[in-house]
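Encoded as structure tokens, the structure appears first; notes follow it.
Starting from 1, each residue takes its place in the sequence as its number. Treat the numbers as computed from the prediction; the structure is a model and nothing was measured.
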Amino acid sequence: MRRTPRSLSVVVGAFVALLAVSCAEEPAGVDSLAPGDLTPSLSQAGVDVSDQYLVLFGGRQSNFAKKVEKLGGEVEYSHRIGFAVVSGLSDAAAARLAGDDAVKEFLRDDSFELDPLFDADAVEFVGDVVESPTDPTDASRYPRQWNMRAIDADEAWAAGRFGSSNVTLAILDTGIDYTYPDLVGLVDLSRSVSFSETDDFYVNLFFPGRHLITDIYFHGTHVASTAVSNSYITAGVTTQTTLMGVKVCDVFNRCFFSDVIEGFLYAVDNGADVINMSLGGYFAKNEYPGLVGFINKVFNYANSKGVTVVVSAGNAEADLDHDGNSFKTYCYAPNTICVSATAPAAGAGVNGPWTDVDAPAPYTNYGRSAINVAAPGGESIVNSAGWVWAACSQTSLVIPICQTGIYIVGASGTSMAAPHVSGLASLLVEDVGRRPGRIKTLIQQTADDLGQRGTDPFYGKGRINVGAAVN
């Protein structure tokens, strides 16, 4: 896999931004690495900080690589749909290339941030591991998983619906800790890949010998184990679906546009049936006038290949019906299932009961034109009772205590909501095949209609019901 040169922001600033994924997810408040802990290492990494550009073609690309080379640059990546990434160009050379007749859009690469929050009570050590893949309700921490009960996942399990290894769910995120008990044996490492040059360096530095997909942040592991889990510790929506890790975000909380697009195309071309994107992507349309075209192109390509794409709605409390110049989420992209977040409204103790598990989460984006369905995203209430609990990566540099044993981490956000829907979509692939439109319709038709009748700005067609959808 190529290692993409890219512009890196100042490390100290980037790591400060780390405290600032499209979620309000909150891993626990243990001491994380200070900027100085990583700065010397990164300076030794020899990272190429050349400018990088995204190219969308509008015509035949005759001798494009030679043109780039003649201008002093290099084609780092290209795809047959008419997309390329180039690097090493001066501003003058970039301007000349942008004027080429074959080039429709030409944009400087940039990144967006995941947005975690931290809570000191949201990490918990796990003692004995209970093996229960045929009955996820026996998972040791299942009693606190209000989220799985809210979507009637237990009804699907009771009907023998645990997923199939013949169905692949790609997690576009910060990687996956494939050695964690709830994930061991579920991740297809032969098809998992990292597009993050920065993370590759740190994995080799701190965890030599590990597959580059290992998660040194925490986010992707939590997302993956919510959708698919061996259910020893926390239950996932399915227990047997195959996971493909596609790392497109790094330990500094950055997701570069080029990495996301390349990772997305990789997943489509390498057998993903469902893609989960628990990441946002805010930008001003007038500042990146051609980027929407890039995004629409790749999402339409996925749909043409029969891939279902599930995206998180984002946590800006934004009205997506009236968002003007802002592109805050991939909900705006075509052929997606856009997921908002629900949370318990009140509770009493870690294991409940709660008076209402279907309240809109206070952070979730909303809008009738954007939201398709809702799913549990969680919220910190009553001693962290309202978190969505799942695996904590044992290679996390951000939550280092998780390196010392088996821990679960509580988190909240639309990032947590999306994998519930991705797990359900993976089950429906077994029933109807690679038919994204049909899968979306089934998920919406079987959702529990909440809020306003029909399409609600917060719930869309309703909060998903896994039991109803598969039965």
Side-chain angles (χ1 to χ4, degrees), residues 2-25 27 32-35 37-39 41-43 45 47-54 76-77 85 87 107-118 171-176 193-203 205-206 212-223 245-264 277-284 287-288 291 294-295 312 314-316 327-330 393 395-399 413 415:
R2 62 108 189 166
R3 296 289 167 258
T4 310
R6 64 177 71 274
S7 299
L8 293 175
S9 55
V10 177
V11 173
V12 172
F15 210 88
V16 170
L18 175 65
L19 301 178
V21 174
S22 128
C23 342
E25 312 88 37
S32 59
L33 291 174
D37 293 328
L38 293 185
T39 303
S41 299
L42 185 60
S43 67
V47 176
D48 187 343
V49 294
S50 302
D51 286 335
Q52 187 157 281
Y53 295 88
L54 313 180
E76 297 288 346
Y77 176 88
V85 179
S87 66
L107 297 171
R108 189 184 297 272
D109 196 10
D110 205 344
S111 65
F112 58 88
E113 294 175 358
L114 301 168
D115 56 352
L117 306 173
F118 289 77
I171 305 294
L172 265 66
D173 216 292
T174 61
I176 302 174
V193 65
S194 170
F195 285 86
S196 174
E197 179 186 26
T198 306
D199 257 38
D200 293 351
F201 172 74
Y202 286 115
V203 169
L205 179 67
F206 292 111
L212 294 175
I213 198 61
T214 199
D215 184 6
I216 58 175
Y217 193 60
F218 85 93
H219 189 265
T221 298
H222 192 287
V223 167
V246 183
K247 185 182 288 190
V248 296
C249 303
D250 67 25
V251 71
F252 291 104
N253 206 26
R254 300 166 305 175
C255 312
F256 284 87
F257 289 124
S258 60
D259 287 348
V260 172
I261 294 174
E262 292 172 48
F264 186 93
M277 298 181 69
S278 287
L279 42 88
Y282 168 82
F283 61 90
E287 294 181 12
Y288 298 90
L291 190 53
F294 282 87
I295 293 170
S312 55
N315 304 333
F327 186 106
K328 283 191 172 68
T329 166
Y330 289 102
S393 174
T395 52
S396 175
L397 297 178
V398 176
I399 317 176
S415 279

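Checked against side-chain contact (heavy atoms from CB on, under 4.5 Å), F327 has the following partners two or more places apart in sequence or in another chain: F283, K285, V292, I295, Y330, Y332. For T214, the side-chain hydrogen bond (donor to acceptor under 3.5 Å, both in side chains) partners two or more places apart in sequence, or in a different chain, are R210, T395. Scanning for side-chain hydrogen bond (donor to acceptor under 3.5 Å, both in side chains) contacts around S396 gives an empty result, with sequence neighbours left out.
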>> Y217 vs F252, test: ring-ring contact (aromatic ring centres under 6.0 Å, His included). Steps then yes/no.
In response: CA-CA 8 Å; Y217 193 60; F252 291 104; 9.8 Å; no

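Between S194 and D200, the shortest heavy-atom contact is OG-OD1, 2.7 Å. Summarising the geometry of S258 relative to Q52, their closest heavy-atom pair is OG-NE2, 3.2 Å, with the distance given to 0.1 Å. L279 and C249 make their closest contact through CD2-SG, 4.0 Å (heavy atoms, listed as atom of the first residue, atom of the second, distance). D173 and S278 get closest at one heavy-atom pair: OD2-CB, 4.0 Å. The two residues R108 and Y288 come nearest to each other via the heavy atoms O-CE2, 4.2 Å. In terms of heavy-atom proximity, G245 sits nearest to I176 at CA-CD1, 3.8 Å.
Partner of I216 under the side chain to side chain contact (heavy atoms under 4.5 Å, CB included) criterion, chosen from T221, T174, D199, D250: D199. Results of the ring-ring contact (aromatic ring centres under 6.0 Å, His included) test with F257 over F112, F294, Y53 single out F112 as the only residue that passes.
With a 4.5 Å cut-off on side-chain heavy atoms, L291 and D110 do not count as touching. Residues V203 and K247 have side chains in contact (heavy-atom distance under 4.5 Å, counting atoms from C-beta outward). In this structure the side chain of I261 reaches within 4.5 angstrom of the side chain of L54, judged on heavy atoms. Considering only heavy atoms from C-beta on, V398 stays 4.5 Å or farther from H219 through its side chain.
Inspection of the S393 and D215 side chains reveals no N or O donor paired with an N or O acceptor under 3.5 Å.
Expressed to the nearest 0.5 Å, how far CD of E287 lies from CG of L107 amounts to 12.0 Å. A distance of 9.5 Å separates CZ in F195 from CD1 in I213, rounded to the nearest 0.5 Å.
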